[in-house]
Amino acid sequence: MTTRTTNKDILELIFEIVRMIPRGRVTSYGAIAASIGLRSSARFVGWAMHQASHYKNVPAHRVVNSQGLLSGKHHFTPPEAMQQLLEAEGVAVSNDKVVNFKKLFWDPQAEIQL
DNA sequence: CTACTGACGATCC
DNA sequence: GGGATCGCCAGTA
């Protein structure tokens with residue numbers, strides 16, 4: 001491993017944050033990345049979410065991109081599951097996009113403050 | 001070690 | 001507003 005295994009800590013931290021997302025709320029990859037100090041490495045969060053599928057109790061469906069688009073829905077099974085889950089929590093989704101995403105946006109930095 | 005890819009983001013045009 | 005490019009970090013070939 002050329003990684004020195006710091007990634008695992010960050011990965012768990014990301015999962016912890018995702019689990020903290022309240023029902024009926026959503027957040028973005030970049031917001032999570034920023035909250036863990038990576039700031040501009042939203043891709044890393046996307047990669048982490050991919051690993052999240054391998055984990056349990058990680059509501060990745062509450063994580064969308066900065067546009068509020070369900071960018072990861074294609075990775076769900078079935079892809080429509082993401083929208084179904086969001087709507088079931090009270091998050092309106094239209095055209096694969098979160099309605100009022102700006103209002104429903106949950107900022108990890110403001111809520112965590114460990 | 002280099003190159004490409006990926007659930008992204010911001011910037012440039 | 002939309003397409004294209006770079007940057008970001010880690011993983012895989």
Side-chain angles (χ1 to χ4, degrees):
Chain A
M1 294 289 204
T2 59
T3 52
R4 293 185 182 156
T5 338
T6 13
N7 53 324
K8 187 169 180 285
D9 294 325
I10 300 176
L11 199 61
E12 289 185 45
L13 184 55
I14 293 174
F15 293 156
E16 187 175 355
I17 294 171
V18 174
R19 284 180 212 154
M20 275 198 256
I21 302 174
R23 176 181 171 282
R25 291 290 182 121
V26 293
T27 190
S28 64
Y29 302 96
I32 295 173
S35 58
I36 64 178
L38 295 175
R39 297 196 199 186
S40 307
S41 58
R43 283 189 170 183
F44 177 70
V45 180
W47 170 82
M49 293 298 99
H50 198 165
Q51 308 309 309
S53 301
H54 170 69
Y55 280 67
K56 60 184 180 183
N57 298 331
V58 182
H61 62 272
R62 291 181 186 154
V63 185
V64 296
N65 67 5
S66 61
Q67 303 172 55
L69 295 172
L70 282 58
S71 54
K73 75 161 199 164
H74 248 291
H75 298 261
F76 278 77
T77 322
E80 300 176 353
M82 189 173 188
Q83 181 174 336
Q84 294 288 314
L85 288 167
L86 289 172
E87 291 183 326
E89 296 182 351
V91 179
V93 178
S94 178
N95 193 16
D96 297 335
K97 183 184 66 179
V98 176
V99 179
N100 296 328
F101 167 69
K102 203 171 179 181
K103 288 173 64 176
L104 297 174
F105 180 78
W106 181 78
D107 188 351
Q109 299 177 101
E111 298 296 319
I112 297 173
Q113 299 229 352
L114 296 175

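Atom CD in Gln67(A) sits about 7 Å away from atom P in dG9(B), given to the nearest Å. Whole-Å rounding puts the Trp47(A) CH2 to dC4(B) C1' distance at 17 Å. Phe44(A) has its CZ atom 16 Å from the C1' atom of dT5(B), to the nearest Å. At whole-Å resolution of the value, CD in Gln51(A) and C1' in dA10(C) are 9 Å apart.
Nearest approach of Val98(A) to Val64(A), heavy atoms of both residues: CG2-CG1, 4.1 Å.
Using cut-offs of 30° and 60° on the angle between ring planes, the pair Phe15(A) and Tyr55(A) is tilted.
The closest side-chain heavy-atom distance from Leu70(A) to Gln83(A) is below 4.5 Å. Residues Phe76(A) and Ser53(A) are not in side-chain contact: their nearest non-hydrogen atoms beyond the backbone lie 4.5 Å or more apart. In this structure, the side chains of Pro108(A) and Ile32(A) come closer than 4.5 Å at one or more pairs of heavy atoms. The closest side-chain heavy-atom distance from Asn95(A) to Leu69(A) is not below 4.5 Å.
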Pick out the pairs of N or O atoms, protein on one side and nucleotides 10-13 of chain B on the other, that lie under 3.5 Å.
none

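Against DNA chain C, the stretch residues 29-42 of chain A makes heavy-atom approaches under 4.0 Å through Ser40(A), Ser41(A).
The existence of a salt bridge linking Glu89(A) and Arg25(A) is excluded, since no basic side-chain nitrogen approaches an acidic carboxylate oxygen closer than 4.0 Å.
Between Glu16(A) and the choices Glu12(A), Arg19(A), Met20(A), the side-chain contact (heavy atoms from CB on, under 4.5 Å) rule is met once, by Met20(A).
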